[in-house]
Amino acid sequence: MTITQWLIFFFVIQLIHFLGTWKLYVKAGRKAWEAAIPVYNAVVLMKIINRPVWWVILLFVPIVNLIMFPVVWVETLRSFGKNSTTDTILGVLTLGLYIYYINYTQDVTHIKDRSTKAKTESGETVSSILFAVVVATIIHTYVIQPFTIPTSSLEKTLLVGDFLFVSKVNYGARTPQTAIALPMVHDTIPFIKTKSYTKFPQLPSFRFPGFEKPDHNDIMVFNWPIDTVYQFFDKSGRRADKPVDKKSNYVKRTVGLPGDNLEVKEGIVYVNNKVLDLGDRARVQYAYKVVTDGTPLDPNYLYKDLNVTDGAYAVANDTIIIHALTFEGAEKLKQLSNVKDVIRIIERGADKRIFPHNQNWTGDNLGPIHIPAKGEKVALTLDNLPMYQMIIKDYEHNKLEVKDGQIYINGAVANSYTIQQDYYFMMGDNRHNSEDSRYWGFVPEDHIVGKPVFIWMSIDPTVPTSKLIDKIRWDRLFTTVHGTGKPHSFFLYFVIIMIGWGIYAFIKKRKKKKYNY
């Protein structure tokens, strides 16, 4: 929806509210016109139903308001003596339209200073659960979100089975684009595998100010820009046109910033003609060919000492391919007496899977490529159009056509285009096992979700579930994602704090019991 469409939709909702409640406002001692003024009518309504004025804010927070609307409908009914279970059910199932019936056909009396405390234990429980869901949804949407590492694209830095907290405040939290969705669920409802949101209405989205900008080497969570995979077992091949905030979440390392010139040569990333310094925590891995004297390599050495995670296989009696190995691991292999050579595999030739799909590039040799920045004016030709067509058409929502050898944007001939937002180039540390910007291009700024800051749990999926103690990677619990030096676990400090808090709460409870006695 455009801003104009959204404003029309907003005022239609206000009209519906006015027509269904103005008599109730009058019965509560207010003026009928007060039910018609946007926002102010909500403030007055909170006073009528004896609820705090700050609830008005929650009515305008996307997703949270889906919980608050039914609560307000029920509270409105109860404020006019409609307390029965039937009234509550009708109020919710009719999406509040039952209030129309009360407004026009029932002679009700406003209950001033009504007690808002639940009259039953089950009612109190429901209220507590709703409050918890509201708070959790706000935190999940605007502050911090849990995230799980599903693949080995950042292996050695982030492991499969790591559970992260992703901060949304570092780069600035986005307001949701999707207005109607299940709270704290992404694009699919767990277990039943159905869509968790509706496409209409879509909100104009913006980003709150953050306290830092994405930088080189930042590990970032973002929505996969080209997520058009149809999720629900449909084999027609049709495109799944998802809202930005419901596209799949990806996590990669930021290697290129807006305005950078990036090149990959022999698998090494160059930014502005200099080798990108990855810092001391990054553990970049490549595929290697290992030539031996015919004696097989010890699997325990490969998988335990060298920590090979993506597998190794023999292609000849004296040749082994290792899919992912660090530079340090390769040097260790060279020291073995039965190893003749360790050769890093470099992809050569042309791979049309590599963005922008019309160059003779590979995942190990590509570029130079300029990363667009907001405000830049780029010249457009038929040759370079593949570099910018997703930006123009999909990310910045223009009509793009090529007719009779000419480029048309929104119906007009165009030989240049001004970039409307910043873009980033993302790569995984597992260079030969990472689907990243090399294959699908730039990440728009409005697709950025947040910055992983903390690993709170890590489960090794290769260890049997029966060995739970061994399955937990204890040294990774409560470690930071970014920084320098070896990651340090703060789990012991957490345990000490929790034990201390437990002792304090126990002593406080004992003292309170003694005093009451």
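On a predicted model such as this, the values are computed, not experimentally measured, just so you know.
Judged by distance alone, the side chain of Asp218 and the main-chain N or O of Asp215 form a donor-acceptor pair under 3.5 Å. A side-chain donor-acceptor contact under 3.5 Å links Thr141 to the backbone of Thr137. A donor-acceptor pair under 3.5 Å is absent between the side-chain atoms of Thr178 and the main chain of Ile180, judged by distance alone. The closest donor-acceptor contact from the side chain of Thr362 to the backbone of Asp351 lies at 3.5 Å or more, if one exists at all. Although no hydrogens or angles enter the test, the distance criterion places a donor-acceptor pair under 3.5 Å between the side chain of Arg283 and the main chain of Asp280. Remark: the backbone N or O of Pro243 is not paired with any side-chain donor or acceptor of Gln202 at under 3.5 angstrom. Although no hydrogens or angles enter the test, the distance criterion places a donor-acceptor pair under 3.5 Å between the side chain of His357 and the main chain of Lys352. Checking side-chain atoms of Lys246 against main-chain N and O of Asp187 turns up no donor-acceptor pair under 3.5 Å. The backbone N or O of Ile219 lies less than 3.5 Å from a partner atom in the side chain of His482, making a donor-acceptor pair. When atom types are taken as modelled, the side chain of Asn398 and the backbone of Ile392 share a donor-acceptor pair closer than 3.5 angstrom.
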**Study point:** Working for ring pair (Phe, Tyr, Trp, His ring centres under 6.0 Å), residues Tyr395 and His447
**Key:** CA-CA 9 Å; Tyr395 307 152; His447 282 56; 5.7 Å; yes
Practice item. Determine, stepwise, if the pair Ile407 / Leu400 fulfils side-chain contact (heavy atoms from CB on, under 4.5 Å). Key: CA-CA 7 Å; Ile407 300 169; Leu400 176 65; 3.8 Å; yes
Practice item. Before giving the answer on ring pair (Phe, Tyr, Trp, His ring centres under 6.0 Å), spell out for Phe163 and Phe165 the whole-Å C-alpha distance, their side-chain angles and the decisive distance to 0.1 Å. Key: CA-CA 7 Å; Phe163 292 80; Phe165 281 137; over 10 Å; no
Exercise for review: Take Arg207 and Ile448, measure what side-chain contact (heavy atoms from CB on, under 4.5 Å) needs, and give me the verdict at the end.
Suggested key: CA-CA 10 Å; Arg207 188 179 297 277; Ile448 294 174; 3.7 Å; yes
Practice item. List the steps, then state whether side-chain contact (heavy atoms from CB on, under 4.5 Å) holds for Trp440 with Phe355. Key: CA-CA 6 Å; Trp440 35 256; Phe355 177 80; over 6 Å; no
Exercise for review: Go through Leu158 and Arg253 one step at a time and tell me if the side-chain contact (heavy atoms from CB on, under 4.5 Å) criterion holds.
Suggested key: CA-CA 11 Å; Leu158 295 177; Arg253 186 181 297 278; over 6 Å; no
Point to revise | CA sep, side-chain torsions, deciding dist, call: Lys374, Glu445, salt bridge (Lys or Arg N to Asp or Glu O under 4.0 Å) | key: CA-CA 10 Å; Lys374 182 178 181 179; Glu445 184 179 27; over 6 Å; no
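By the 4.5 Å heavy-atom criterion applied to side chains, Leu159 and Asp460 are not counted as neighbours. Side-chain atoms of Pro214 and Tyr171, non-hydrogen and from C-beta on, do get closer than 4.5 Å to each other. Counting heavy atoms from C-beta on, the side chains of Phe60 and Ile57 never come closer than 4.5 Å. Side-chain contact between Glu396 and Ile419 is present, with at least one heavy-atom pair separated by less than 4.5 Å. Inter-residue side-chain proximity for Tyr250 and Met426 is flagged as unmet; no heavy-atom pair is nearer than 4.5 Å. Here the side chains of Gln359 and Ile354 are not in contact, with every heavy-atom distance at 4.5 Å or above. For the pair Phe222 and Tyr424, the minimum side-chain heavy-atom distance is 4.5 Å or more. Under the 4.5 Å side-chain criterion, counting only non-hydrogen atoms from C-beta, Lys252 is not in contact with Met427.
For Leu182, the side-chain contact (heavy atoms from CB on, under 4.5 Å) test picks out Val185, Ile189, Ser196, with sequence neighbours left out.
Atoms CG and OG1, from Asp429 and Thr157 in turn, are 4.0 Å apart once rounded to the nearest 0.5 Å. Taken from CD1 in Ile129 to CD1 in Ile67, the straight-line distance is 12.0 Å, to the nearest 0.5 Å. Note that CG of Asp310 is 13.5 Å distant from CD1 of Ile321, once rounded to the nearest 0.5 Å. Atoms CD and CG, on Gln285 and Asn430 in that order, are 5.0 Å from each other to the nearest 0.5 Å. Taking CG of Asn384 as the reference point, atom CD of Gln389 lies at 10.5 Å (rounded to 0.5 Å). The NZ atom of Lys213 sits 13.0 Å away from atom OG1 of Thr254, with the distance rounded to the nearest 0.5 Å.
The number of heavy-atom neighbours closer than 6.0 Å to CG of Asp305, taken from other residues, nucleotides and ligands shown, is above 12. Dense packing is recorded around CZ of Phe211, with more than 12 heavy atoms of other residues, nucleotides or ligands lying under 6.0 Å away. Applying the 6.0 Å contact sphere to CG of Asp293 captures more than 12 heavy atoms from other residues, nucleotides or ligands. No more than 12 heavy atoms of other residues, nucleotides or ligands shown are found within 6.0 angstrom of NZ on Lys332.
Proximity of the aromatic rings of Phe491 and Phe478 is defined here by a centroid distance below 6.0 angstrom, and this criterion is met. For an aromatic pair to be called close, the ring centres must be under 6.0 Å apart, and Tyr303 with Tyr301 fails this.
Classified by interplanar angle (parallel below 30°, tilted 30° to 60°, perpendicular above 60°), the ring pair Tyr504/Trp501 is tilted. In this structure, Tyr286 and His432 have perpendicular ring planes: the angle between them is above 60°, well past the 30° mark.
In this structure, Lys265 is positioned above the aromatic face of Tyr270, its NZ or CZ under 6.0 Å from the six-membered ring centre and within 45° of the axis.
No side-chain N or O of Asp383 forms a donor-acceptor pair with one of Thr381 less than 3.5 Å apart. Donor-acceptor pairing under 3.5 Å is recorded for the side chains of Asp260 and His216. For the residue pair Ser458 / Asp162, a side-chain donor-acceptor distance below 3.5 Å is found, with atom types taken as modelled. One side chain, Ser248 or Asp227, offers a donor N or O that lies under 3.5 Å from an acceptor on the other. A side-chain donor from one of Arg174 and Asn223 sits under 3.5 Å from a side-chain acceptor of the other. For Tyr197 and Asp245, the side-chain atoms include no donor-acceptor pair closer than 3.5 Å.
When all heavy atoms are compared, the tightest approach of Pro204 to Thr175 is O-OG1, 4.1 Å. When all heavy atoms are compared, the tightest approach of Ile391 to Phe442 is CD1-CD1, 3.8 Å. The two residues Ile63 and Pro183 make their nearest non-hydrogen contact at CG2-CA, 3.9 Å. Between Asp394 and His397 the shortest heavy-atom distance is O-CE1, 3.2 Å. When all heavy atoms of Pro70 and Leu66 are compared, the closest pair comes out as CD-O, 3.1 Å. The two residues Lys168 and Val449 come nearest to each other via the heavy atoms CG-O, 3.7 Å.
Contact check on Glu401 versus Lys393 returns no salt bridge, with no Lys/Arg side-chain nitrogen under 4.0 Å from an Asp/Glu carboxylate oxygen. The pair Asp364-Arg431 does not count as a salt bridge, with every side-chain nitrogen at least 4.0 angstrom from each carboxylate oxygen.
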